[in-house]
2 protein chains.
Amino acid sequence: MELEGRGERILRTAGELLVAWGYRRVTIEEIARRAGVGKGTVYLHWKTKDALLLAVVLDSKQDALERQLARMRADPLEVLPSAVMSRYYCDALESPVLRAVHTDDSGVLGRLGDIAAVELAELVAHGDRALDRHLGALRACGLVRDDMALADQRYTLIAILVGFFMADTYLDSRAPAVTEPRARLLAHTVQAALETPAGPTATPDGLPDADRVREAAARAAPGIIAVYEHIAQLSAEEMRRQLRP
Amino acid sequence: MELEGRGERILRTAGELLVAWGYRRVTIEEIARRAGVGKGTVYLHWKTKDALLLAVVLDSKQDALERQLARMRADPLEVLPSAVMSRYYCDALESPVLRAVHTDDSGVLGRLGDIAAVELAELVAHGDRALDRHLGALRACGLVRDDMALADQRYTLIAILVGFFMADTYLDSRAPAVTEPRARLLAHTVQAALETPAGPTATPDGLPDADRVREAAARAAPGIIAVYEHIAQLSAEEMRRQLRP
DNA sequence: TTCGTGACCAGATAACGAATCCGGTCACAG
DNA sequence: CTGTGACCGGATTCGTTATCTGGTCACGAA
């Protein structure tokens, strides 16, 4: 009968309402009304309102993660930090929820950020470890420099990503910029900061030893994909934890 | 009689109170009391409360700019983007006011940020142009890559700086990190993203053609110093504009 | 005459109760 | 057995009053 289950419809509706009205104004009753169900029905699916909205965020994050995994499976070069970060940058800016999460436009998410920080602390820690393994694998196969500490590289990566998300907000006096060129700048910055410089025959902008890179990436990809598949599982578990027992 | 004029004492007191209490709670009466002057006296010096607090910020910015100029005069290598950014990062984190400006811990500055954005828009625009000239000069003498647009480099620079300022806030679950190592990471990131890679004899971490770089920097330095001296003048003018006519 | 001051004004802000809203439950309808 | 909406109490909002504070200026001290 239904093209999607009640739960999914509620989740989708909650997401739309969250970005449209912001955390403070969203009400369970309105979500239920728009989803065409009774208020109590929402609580047949999720423990609390916060759990539902947390699930909205988790769901968007999972989407982004699945896209990432699909890309990495299709093309090993997508495991490179510059690719991962710039792709995520684009995906996040196109997803209303993730855009709000990262740019925090006018505080749409309100307290939800703090709630998520507390509630999802464990998941975030796992994410950090995943990033470490990711970078570790790339260092091992020579795609990421190993002349600086891995922890420093993780910090740098996050700082750059945060910077590109916030810079637009920071300079909001100007036009609302196009995503793609920005993503390319981001990719360039990450590549320059973290990835191994091209071989001795390198040209500044060209693709020098493309074959070596591709081969090494192909070697590292399966392990990296496995790491993020694990995160996807943990994320799915966490999402299930938001449901009513 | 006085070791510092009344105006300076008021300014300093206002700065201390601003960071201690935040924009919302600070009152002119308390500033006057702590500075040991009458309330009306404050208005003999500054047009309005906002003008005074704006002057506090401008004053801190001028301090940082003077330090920057002093460094560039003492050592031409300090004109390199990596040096400028990492030095400013350190200076800003050590200055209570600038730290608040850039990390916006718990919204201490409140509306002041918006007020500054409006009131100092012209000065900021001049700052942007100064940065463009700065980068232009470095491109001209081969210290900054010219295989990407100058506007992109300016954006990248700002994004990286913002990222490093915000990353600490973003990951505040951890220990409050030491400034110096972070500044080195920042320098490395900027260098990798913007500055020309070392010559053919380059080693990953060493200083390859240090002499060439130093010489080129010495050639570019005077012009760049002049650009920022101009900004210092404009800033001083803007500060004077906050005074009572 | 000049410089500094604090009482004073009006508009902004806070304080506080009353009224409303909303998250969450559960007895009951279908 | 599934889904619902009336219902409860704590949280939030709102309207009003009371307080505070930015800014002025008449006046007193030097």
Side-chain angles (χ1 to χ4, degrees), chain A residues 1-2 4-18 20-57 107-112 114-116 118-119 241-245, chain B residues 1-2 4-11 13-15 17-18 20-57 107-112 114-116 118-119 241-245:
Chain A
M1 306 302 172
E2 314 269 357
E4 52 180 354
R6 281 173 175 69
E8 289 166 28
R9 196 166 67 244
I10 293 169
L11 195 65
R12 189 175 45 77
T13 309
E16 289 165 6
L17 218 53
L18 177 62
W21 288 13
Y23 176 78
R24 289 171 52 85
R25 298 191 208 284
V26 151
T27 71
I28 291 286
E29 196 157 6
E30 181 68 14
I31 292 170
R33 204 183 60 74
R34 293 206 186 189
V37 299
K39 189 172 155 185
T41 309
V42 174
Y43 288 94
L44 293 179
H45 293 261
W46 281 275
K47 282 190 307 205
T48 67
K49 177 189 180 185
D50 284 351
L52 169 58
L53 297 181
L54 231 46
V56 166
V57 174
V108 202
L109 294 176
R111 282 173 39 209
L112 194 59
D114 304 328
I115 295 169
V118 173
E119 215 66 32
R241 197 166 296 129
Q242 306 302 326
L243 301 180
R244 185 155 286 283
Chain B
M1 304 303 174
E2 312 269 358
E4 51 179 356
R6 281 173 174 70
E8 288 167 28
R9 196 165 68 244
I10 293 171
L11 194 66
T13 309
L17 218 52
L18 176 63
W21 288 13
Y23 176 78
R24 288 172 51 85
R25 295 190 211 284
V26 110
T27 71
I28 290 285
E29 197 156 7
E30 183 66 14
I31 292 171
R33 203 183 61 73
R34 292 205 187 188
V37 299
K39 188 174 157 184
T41 308
V42 173
Y43 288 95
L44 294 179
H45 292 263
W46 281 276
K47 282 190 307 204
T48 68
K49 178 189 180 184
D50 284 350
L52 170 58
L53 297 181
L54 230 47
V56 166
V57 174
V108 203
L109 294 176
R111 282 172 39 209
L112 195 58
D114 303 327
I115 296 169
V118 174
E119 214 66 31
R241 196 167 297 131
Q242 306 302 326
L243 302 179
R244 186 156 285 281

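So you know, we letter chains A, B, ... as the sequences are listed, proteins then strands, and number each from 1.
Each of B/Arg111 and B/Leu44 was matched to the nucleotide of DNA chain C holding its nearest heavy atom; the match closer to the 5' end belongs to B/Leu44.
Residues passing the side-chain hydrogen bond (donor to acceptor under 3.5 Å, both in side chains) test with A/Tyr43: none are found, sequence neighbours excluded. With sequence neighbours excluded, the residues that form a side-chain contact (heavy atoms from CB on, under 4.5 Å) with B/Ala55 are B/Leu11, B/Trp46, B/Met239. For B/Arg25, the side-chain hydrogen bond (donor to acceptor under 3.5 Å, both in side chains) test picks out no residue, with sequence neighbours left out. Listed by chain and residue number, B/Glu238 satisfy the side-chain hydrogen bond (donor to acceptor under 3.5 Å, both in side chains) test with B/Arg241 (two or more places apart in sequence, or in another chain). Listed by chain and residue number, nothing satisfies the salt bridge (charged side-chain N to carboxylate O under 4.0 Å, His left out) test with A/Glu119 (two or more places apart in sequence, or in another chain).
Ion pairing between a basic and an acidic side chain is recognised when a charged N comes within 4.0 Å of a carboxylate O; A/Glu8 and A/Arg12 show no such pairing.
An angle of 20°, rounded to 10°, separates the two end axes of the helix from C/dT1-D/dA30 to C/dG30-D/dC1, each defined over five pairs.
No contact: A/Arg33 has no heavy atom under 4.0 Å from any strand.
The closest side-chain heavy-atom distance from A/Leu52 to A/His45 is not below 4.5 Å. The shortest side-chain heavy-atom distance between B/Asp50 and B/Arg111 falls under the 4.5 Å cut-off.
In summary, of the residues considered (B/Val37, B/Leu44, B/Val56), a side-chain contact (heavy atoms from CB on, under 4.5 Å) with B/Ile10 occurs for B/Val37 alone.
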What's touching nucleotides 19-23 of chain C from the protein side, N or O pairs under 3.5 Å?
residue	atom	partner	partner atom	Å
C/dG23	OP1	A/Val26	O	3.3
C/dG23	OP1	A/Lys49	NZ	2.8
C/dG23	OP2	A/Ile28	N	2.9
C/dG23	N7	A/Lys39	NZ	3.0
C/dG23	O6	A/Lys39	NZ	3.4

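Using a 4.0 Å cutoff to heavy atoms of chain A, the contacted part of DNA chain D runs 5' to 3' from D/dG3 to D/dT13.
We find that NE2 of A/His45 is positioned 16 Å from P of C/dG24, with the value rounded to whole Å.
Annotation: side-chain hydrogen bond (donor to acceptor under 3.5 Å, both in side chains) contacts involving residues 27-38 of chain A, sequence neighbours excluded, comprise A/Glu30-A/Arg33, A/Glu30-A/Arg34.
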